[in-house]
Structures are given as C-alpha cells and as structure tokens.
Amino acid sequence: MAIISRAPGRLLPRTFFEGPPERVSPLLLGKLLVAKDRRGNLLAGRIVEVEAYLGPHNLPPDPAAHTYRGPTPRNQVIFGPPGHAYVYSIYGRYFCMNISCEPEGLAGCILLRALEPVAGLDRMAKNRGLPSGSALRLLTSGPSRLCQALGLTRLGHNGLDVTSNKSPLQVRDDGYPVPDALVTVRIGIKRAVDLPLRFAVPGNKCVSGPTKLTGVRVPPI
DNA sequence: CTGTGGATTTGCT
DNA sequence: GCAAATCCACAGG
C-alpha cells in the first residue's frame with residue numbers, strides 16, 4: 001500500500017519536471033501538493049503561485065537563484081534529479097519549498113509561493129497557530145506559510161522525491177483546469193528583480209503579495 | 001491601505 | 001561578518 005493512499009488524482013511523472021523552470025512553472029499551477037505527516041494526517045493544497053529560479057548554465061545566469069555560485073552542500077538537491085523537494089531555512093525561523101527541475105546535472109527549481117487549502121484544513125490551522133476556520137489565505141498564502149501549514153521542514157523533507165508513490169510528499173494532478181496563468185516579476189528578492197518569472201492563477205484569493213497583479217497573460221496551458 | 005522594524009538561524013565569503 | 005526567495009505586529013493616513 002502506498003504511503004499516501006486515498007490521495008486525490010494521479011502522481012505526476014518525473015518527466016513532468018525535466019524541463020527548464022520557466023517552462024514547467026506555469027504547468028504546475030492547479031496541481032496538488034500532498035503531504036502526509038507522522039500522525040497520518042493528509043494535508044493537501046492546490047498550487048496557485050510559483051516562481052522559477054534558473055540554474056547557472058543559463059545565459060545570462062540568474063543572480064537571485066541559490067545555485068548562482070555553483071553547487072554547495074545546501075543547494076545540492078537542485079543539481080540532482082528532477083522532481084525532488086529542495087527545502088531550506090530562511091530568516092532563522094521559516095522554511096521555503098522548491099521542486100527541482102531540469103535533467104540531472106543541470107540546476108533549476110520552482111519555488112512554491114502559495115496554495116489553496118484542499119484537505120486537512122484543521123490541521124493546517126493548528127500548525128499555523130491559528131483558530132479553526134481561519135481564512136484560507138492565512139493558512140497557505142506565502143512560501144513559508146505553506147511550509148508551516150503542511151509541516152514541511154529541511155530535516156524532514158529536503159531531498160524527498162515528489163514523484164514517488166512511496167513518498168510522504170507528492171505532487172498530484174486531479175484534472176483541475178487552469179485556463180491561463182498570470183506572469184509577473186518575482187517577489188521578495190533584491191537581484192534580477194525585472195525577470196518575469198512569477199506565475200499565478202488569475203483571481204485566486206490565496207495568491208500572496210499585492211492583490212493587483214501587473215503581468216501579462218501567457219497562453220493557455 | 002501603506003510603511004517600518006524586529007525576531008532569529010543558517011550558510012557562504 | 002552579514003545578507004537572506006519571510007512573517008507579524010504595530011503605527012499612521
């Protein structure tokens with residue numbers, strides 16, 4: 001029996017993540033991030049906002065990416081095979097989660113910036129220190145909020161294969177249609193601030209940051 | 001609504 | 001030594 005049973009939809013194949021992050025990112029919108037915690041709680045959210053971070057093989061390279069200066073112990077997952085979770089700690093108290101893409105040996109990853117909660121909402125509220133029934137956007141709108149809601153940590157989740165049926169952390173496709181994606185510049189960085197590498201589901205209430213998005217629409221996925 | 005500052009650790013230079 | 005892909009509380013308009 002799979003570690004995650006009764007999870008909705010189908011597991012995404014590794015080939016899904018073999019492309020460059022700027023191309024895979026919009027495809028990831030609408031997919032489900034599913035986590036099973038140690039107590040057996042199933043926690044799931046729909047991916048509604050992501051950002052692409054490019055590997056150093058790109059010309060020009062992406063100075064905002066953790067891989068900009070080459071492999072280090074921290075970022076080795078991003079240089080490994082596609083479809084693996086890169087979870088890192090930031091500002092001493094938070095975590096952010098990415099998924100590696102590009103073929104093994106090339107770097108590239110996608111930062112998950114916001115989810116729309118789908119399953120395990122009470123548990124998410126508890127993990128976030130919020131009362132049951134809190135607004136959805138308070139649970140998982142923001143890269144560190146979503147990690148806190150799903151209980152994702154570097155020690156517990158960095159390096160996990162999100163395409164394995166044995167993994168406690170998966171990305172699944174339940175057929176939810178996302179007609180198009182909105183693309184804007186990335187948020188919260190100080191370098192390469194003009195690259196249009198943030199992708200979001202237009203109009204979704206759980207998208208983080210300014211409610212008014214100023215990007216251009218990309219063609220239907 | 002906007003802006004500001006503090007918390008607090010890690011990882012690299 | 002210090003910057004960091006954040007969040008939250010609080011002040012002011």
Side-chain angles (χ1 to χ4, degrees), chain A residues 17 20-22 24-26 28-29 33 45 47-56 58 60-80 84-102 107-117 124-131 134-159 162 169 181-200 205-215:
Chain A
F17 297 100
E22 69 274 22
V24 180
S25 285
L28 204 49
L29 297 176
L33 180 67
I47 298 168
V48 297
E49 180 188 349
V50 300
E51 284 177 356
Y53 285 88
L54 313 183
N58 286 275
D62 177 3
H66 284 185
T67 53
Y68 180 53
R69 294 167 198 277
T72 68
R74 174 174 72 150
N75 65 24
Q76 60 169 319
V77 172
I78 316 177
F79 287 90
H84 288 252
Y86 167 55
V87 182
Y88 69 94
S89 52
I90 188 172
Y91 295 110
R93 43 190 346 171
Y94 300 113
F95 296 98
C96 294
M97 178 190 164
N98 303 247
I99 300 174
S100 63
C101 44
E102 300 274 24
C109 65
I110 301 168
L111 170 70
L112 305 187
R113 284 200 58 93
L115 308 176
E116 179 176 330
M124 290 186 192
K126 270 204 170 81
N127 289 346
R128 291 269 299 121
L130 296 169
S134 295
L136 297 187
R137 66 180 328 280
L138 291 178
L139 297 179
T140 51
S141 179
S144 295
R145 284 174 168 178
L146 72 87
C147 284
Q148 197 173 32
L150 271 62
L152 308 181
T153 63
R154 183 180 68 83
L155 284 178
H157 300 84
N158 186 48
V162 302
L169 183 63
L182 206 54
V183 55
T184 80
V185 296
R186 294 176 294 187
I187 298 179
I189 55 173
K190 295 187 173 150
R191 297 189 288 195
V193 294
D194 294 330
L195 298 182
L197 293 175
R198 174 175 176 244
F199 304 86
K205 292 173 190 163
C206 292
V207 171
S208 73
T211 49
K212 174 150 192 166
L213 301 178
T214 55

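Protein chains get the first letters and strands the later ones, always in sequence-line order, with residue 1 at the start of each.
In this structure A:H157 satisfies the ring pair (Phe, Tyr, Trp, His ring centres under 6.0 Å) test with no other residue, sequence neighbours excluded. A:L138 pairs by the side-chain contact (heavy atoms from CB on, under 4.5 Å) definition with A:L130, A:A135, A:R145, not counting sequence neighbours. Partners of A:C147 according to the side-chain contact (heavy atoms from CB on, under 4.5 Å) rule, which considers only residues two or more places apart in sequence or in another chain, are A:F95, A:M97, A:L152. Looking at residues two or more places apart in sequence or on another chain, you find a salt bridge (Lys or Arg N to Asp or Glu O under 4.0 Å) between A:R186 and A:D62. Residues passing the ring pair (Phe, Tyr, Trp, His ring centres under 6.0 Å) test with A:Y53, sequence neighbours excluded: none. Considering only residues two or more places apart in sequence or on other chains, A:A107 meets the side-chain contact (heavy atoms from CB on, under 4.5 Å) condition with A:P56, A:T67, A:I78, A:F79. In this structure A:E102 satisfies the salt bridge (Lys or Arg N to Asp or Glu O under 4.0 Å) test with no other residue, sequence neighbours excluded. By the side chain to side chain donor-acceptor pair (under 3.5 Å) test, A:R74 pairs with no residue at all, sequence neighbours left out.
If you check every strand for non-hydrogen atoms under 4.0 Å, A:R128 touches sugar and phosphate atoms only. Across all strands, A:R154 comes closer than 4.0 Å only to sugar-phosphate atoms, never to a base (heavy-atom distances).
Paired runs in DNA chain C that reach 3 or more consecutive Watson-Crick or G-U pairs, where each pair keeps both distances under 3.5 Å, cover B:1-7 with C:6-12, B:9-12 with C:1-4.
Of the possible donor and acceptor atoms, none in the side chain of A:E116 sits under 3.5 Å from a partner among the backbone N and O of A:V48. Here the side chain of A:S134 pairs a donor or acceptor atom with the backbone of A:P131 at under 3.5 angstrom. The backbone N or O of A:V185 lies less than 3.5 Å from no partner atom in the side chain of A:D194, so there is not a single donor-acceptor pair. A:E51 contributes a side-chain N or O that, together with a main-chain N or O of A:I187, makes up a donor-acceptor pair within less than 3.5 Å.
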What are the atom names and distances for every N/O pair under 3.5 Å that joins the protein to nucleotides 5-9 of chain B?
unit_1, atom_1, unit_2, atom_2, d
B:dA7, N3, A:R93, NH1, 3.1
B:dT8, O2, A:Y91, O, 2.6
B:dT9, O4', A:G92, O, 3.4

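A residue-by-residue look at A:R145 and A:I110 shows that A:I110 has its nearest nucleotide of DNA chain C further toward the 5' end.
In this structure the side chain of A:I110 never reaches within 4.5 angstrom of the side chain of A:N98, judged on heavy atoms.
For residues 60-79 of chain A, proximity to DNA chain C is found at A:A64, A:H66, defined as any non-hydrogen atom under 4.0 angstrom from a strand atom.
Mapping heavy-atom proximity under 4.0 Å, the span of DNA chain C touched by chain A runs 5' to 3' from C:dA4 to C:dC8.
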